[in-house]
Asker: 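I have a structure I would like to understand better, so I am pasting it below and will then ask my questions one at a time.
Remember, it's a predicted structure, so these values are computed and weren't measured experimentally. Reckoned from all heavy atoms, side chains included, excluding hydrogens, waters and symmetry mates.
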Amino acid sequence: MELRYNLTRDDYLRGLSLHEGRLKGPLSVLRLAARLLFLLPTGVGALGLLMLGVVCVWGEWEEGFTRVLGLLLVLLIVGALEVALLSPQWRAGRRLRVNRPDAAFFGPRAVTLTAEGVAARYGENRLVLPWGQLTEIWTKKGFCLLYTKSGPWEVLPPCAFEHEAQRKAFTAALHGAVSGDVPWEAEEQDVEAADRLPQAEITLEYTWEAPELCRVLTLANLRYAHTRLFWTPARIVMSVFGPFVLLTGILTGISVGTSIPREGTAEWLYALGIVLIGLGLCVPLLMLLPPVLRFLVSRQERKGALWSMLDGPQRELWWSGGMVSLHGGERETARWDQVAAVCSEEEGLFLFRRDNKLHVFPAKAFPDWAAQEAAAEYARSHMQK
């Protein structure tokens, strides 16, 4: 079974918004509770400003007008801002901004059920989700989302299906394949796309082992945290103010704990709130600590997010126009202008892209250190053109 459709940015965002708004797990419930909690000060601020306007027009205000007006404005602005930041639409947009899909991601697309898994083709790229990695099929408002352990893998908009019966047949085929009834039909091979493989100037072939991959990814992410790509203005501001806010919270807690007479619960909650805000602002600084990065990478490995890199031999073709990654039945293309930095270490070669993606190549992919350095210079020379 094959679906052909045109994926637009708006359809993709609407599908992600449905994912962000669904209640599944304690985190989503807490997020919804926090959003409802901030609706209260927003409503109080809006209602108070309305009543204040009525008093100013038809009544007399004797004193404290500026103080009350300022308090109501703060309640309204802060509450409305927090409600917006917790909304599914904003979180979906943030996920899209973080992932930064390239131009080929949107446009004509084909999703096919094959014996190896769900295959998605767009542009010159082909991605495959093995049946063992598909954890959930979720449908809502005409959308169909395919999940892995690490989150949504594919968003199928309503325009992907000609009618409701086709959508039901597609989801039924998915459920059947997950249960063991794998489609036996072979996917039609794009012979023209296979013939379009570039004439490679550098070819890399290697195989990852899980411990080796986690170690190299930890080092690569540590090097990424030392680049200008990581230090956006928001992260710089957080890192500057985070330690001061955290220190203020700790000193406030010490003051509350040593005060005579003893302070009440409200003062303890106030100090705890400052400490939590400080810890949240210090998150970018935690990315500079190898144990933290090691834990995050190992967590991704346990969740199965690295399965495509561990699934058999990897083959990379480099030519003047970019890179083609071939592994299993997948094919991904990246241009050199998407690469922003190159780092060569004893553990391997790392390419940092502007869309927050990372290419890592182990040292064993190169015959020797000189070949690795030559590949790094090749990448630097082409990314600057």
Asker: Report yes if some heavy atom in the side chain of F106 is under 4.5 Å from a heavy atom in the side chain of D10; otherwise report no.
Answerer: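 A side-chain contact under 4.5 Å is absent here.
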
Asker: Can you check whether G348's main-chain N or O pairs, donor with acceptor, with Q372's side chain at less than 3.5 Å?
Answerer: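 Present.
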
Asker: Around K168, counting heavy atoms of other residues, nucleotides and ligands shown, do more than 12 lie under 6.0 Å from its NZ?
Answerer: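 Not buried by this count: 12 neighbours or fewer within 6.0 Å.
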
Asker: Count I, L, V, M, F, W, Y as connected when their side-chain heavy atoms are under 4.5 Å apart, and connections chain through other members. Are V128 and L174 then in the same cluster?
Answerer: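 Looking at the clustering, L174 is in a separate group from V128.
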
Asker: Evaluate salt bridge (charged side-chain N to carboxylate O under 4.0 Å, His left out) for E154 paired with R109, printing each intermediate quantity in order.
Answerer: CA-CA 11 Å; E154 183 71 16; R109 203 176 189 88; 2.7 Å; yes

Asker: Step through the shown structure and confirm whether more than 12 heavy atoms of other residues, nucleotides or ligands are within 6.0 Å of CD on E346.
Answerer: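 It does not: E346 CD has 12 such atoms or fewer within range.
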
Asker: Hey, any chance L219 and W369 share a hydrophobic cluster, counting ILVMFWY side chains that come within less than 4.5 Å of each other, even indirectly?
Answerer: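 Unlinked, L219 and W369 end up in two clusters.
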
Asker: Going hydrophobic residue to hydrophobic residue with side-chain gaps under 4.5 angstrom, can you get from L229 over to F350?
Answerer: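 Yes, L229 connects to F350 through the hydrophobic network.
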
Asker: Testing the basics here: between M383 and R380, what is the closest heavy-atom pair and its distance to 0.1 Å?
Answerer: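 Result for this residue pair: CG-O, 3.2 Å.
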
Asker: CH2/W138 to CG/L18 distance, rounded to the nearest 0.5 angstrom?
Answerer: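 Rounded to the nearest 0.5 Å, the CH2-CG separation comes out at 5.0 Å.
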
Asker: State, with a plain yes or no, whether a side-chain heavy atom of I137 is found less than 4.5 Å away from one of L146.
Answerer: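 Side chain of I137 against side chain of L146, heavy atoms only: contact under 4.5 Å found.
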
Asker: If you measure from CZ on R294 to OG1 on T218, what distance do you get to the nearest 0.5 Å?
Answerer: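 So the gap between those two atoms works out to 6.0 Å.
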
Asker: Step by step, would you call E212 with K364 a side chain to side chain contact (heavy atoms under 4.5 Å, CB included)?
Answerer: CA-CA 11 Å; E212 177 190 26; K364 65 183 181 182; 3.0 Å; yes

Asker: Show your working on side chain to side chain contact (heavy atoms under 4.5 Å, CB included) between N125 and F105 and close with a plain yes or no.
Answerer: CA-CA 9 Å; N125 300 310; F105 185 82; over 6 Å; no

Asker: Are L7 and F143 grouped together when hydrophobic residues (ILVMFWY) are joined by side-chain heavy atoms under 4.5 angstrom apart?
Answerer: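 Same cluster: L7 reaches F143 through Ile, Leu, Val, Met, Phe, Trp or Tyr contacts under 4.5 Å.
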
Asker: Holding to ring pair (Phe, Tyr, Trp, His ring centres under 6.0 Å), I want the full list of residues that pass it with F352, two or more places apart in sequence or in another chain.
Answerer: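 Only Y224 meet the ring pair (Phe, Tyr, Trp, His ring centres under 6.0 Å) criterion with F352.
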
Asker: Mind listing the closest non-hydrogen atom pair of A375 and W318 along with its distance?
Answerer: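 Closest approach of A375 to W318, heavy atoms only: O-CZ3, 3.5 Å.
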
Asker: Answer yes or no: are there more than 12 heavy-atom neighbours, outside R315 itself, under 6.0 Å from its atom CZ?
Answerer: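 Not buried by this count: 12 neighbours or fewer within 6.0 Å.
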
Asker: Aromatic rings H19 and Y147: how do their planes relate, parallel, tilted or perpendicular, breaks at 30° and 60°?
Answerer: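 The rings of H19 and Y147 sit tilted, inter-plane angle from 30° to 60°.
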
Asker: So W208 and L306, do their side chains get closer than 4.5 Å, heavy atoms only?
Answerer: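 Heavy-atom side-chain distance check fails, nothing below 4.5 Å.
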
Asker: Could you walk me through whether M309 and H327 satisfy the side chain to side chain contact (heavy atoms under 4.5 Å, CB included) test, starting with their C-alpha distance in whole Å, then the side-chain angles of each, then the deciding distance to 0.1 Å, before giving a yes or no?
Answerer: CA-CA 8 Å; M309 303 179 71; H327 42 93; over 6 Å; no

Asker: As an exercise, state the distance from CG of D11 to CG of L16, rounded to the nearest 0.5 Å.
Answerer: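 One gets 11.0 Å once the value is rounded to the nearest 0.5 Å.
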
Asker: Check E201 against S320 and note the closest heavy-atom contact, atom names and distance.
Answerer: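 So the minimum-distance heavy-atom pair works out to OE2-N, 3.8 Å.
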
Asker: Applying side chain to side chain contact (heavy atoms under 4.5 Å, CB included) to E20 and W90, what does each step give before you reach the verdict?
Answerer: CA-CA 9 Å; E20 297 290 349; W90 189 89; over 6 Å; no

Asker: Which pair of heavy atoms, one from Q89 and one from S17, lies closest together, and at what distance?
Answerer: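 Heavy atoms only, the tightest pair is CA-OG, 3.7 Å.
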
Asker: Could you state the interatomic distance from CG (L281) to CG (L276), rounded to the nearest 0.5 Å?
Answerer: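 Between atom CG of L281 and atom CG of L276 there are 11.0 Å.
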
Asker: In Å and rounded to the nearest 0.5 Å, what is the CG to CG distance from N221 to L293?
Answerer: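 Separation between the atoms: 6.0 Å.
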
Asker: Taking all heavy atoms of A225 and all of W231, pick out the closest pair and write down the distance.
Answerer: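 Where A225 meets W231 most closely, the heavy atoms are O-NE1, 2.8 Å.
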
Asker: For P130, does its backbone N or O pair with a side-chain atom of Q133 as donor and acceptor, under 3.5 Å?
Answerer: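 Not at all, since once roles are kept as given, no pair shorter than 3.5 Å links the two residues.
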
Asker: Between atom CZ of F241 and atom OG1 of T248, what is the distance when rounded to the nearest 0.5 Å?
Answerer: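 Spacing of CZ (F241) from OG1 (T248) equals 11.5 Å.
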
Asker: Give the minimum heavy-atom separation between G107 and N6, together with the two atoms involved.
Answerer: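 Closest approach of G107 to N6, heavy atoms only: C-OD1, 3.0 Å.
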
Asker: If you group Ile, Leu, Val, Met, Phe, Trp and Tyr by side-chain heavy-atom gaps below 4.5 Å, do L288 and F230 land in one group?
Answerer: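 Hydrophobic grouping puts L288 with F230.
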
Asker: Mind checking whether H382 and Y378 have parallel, tilted or perpendicular rings, split at 30° and 60°?
Answerer: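 Plane angle between 30° and 60°, so tilted.
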
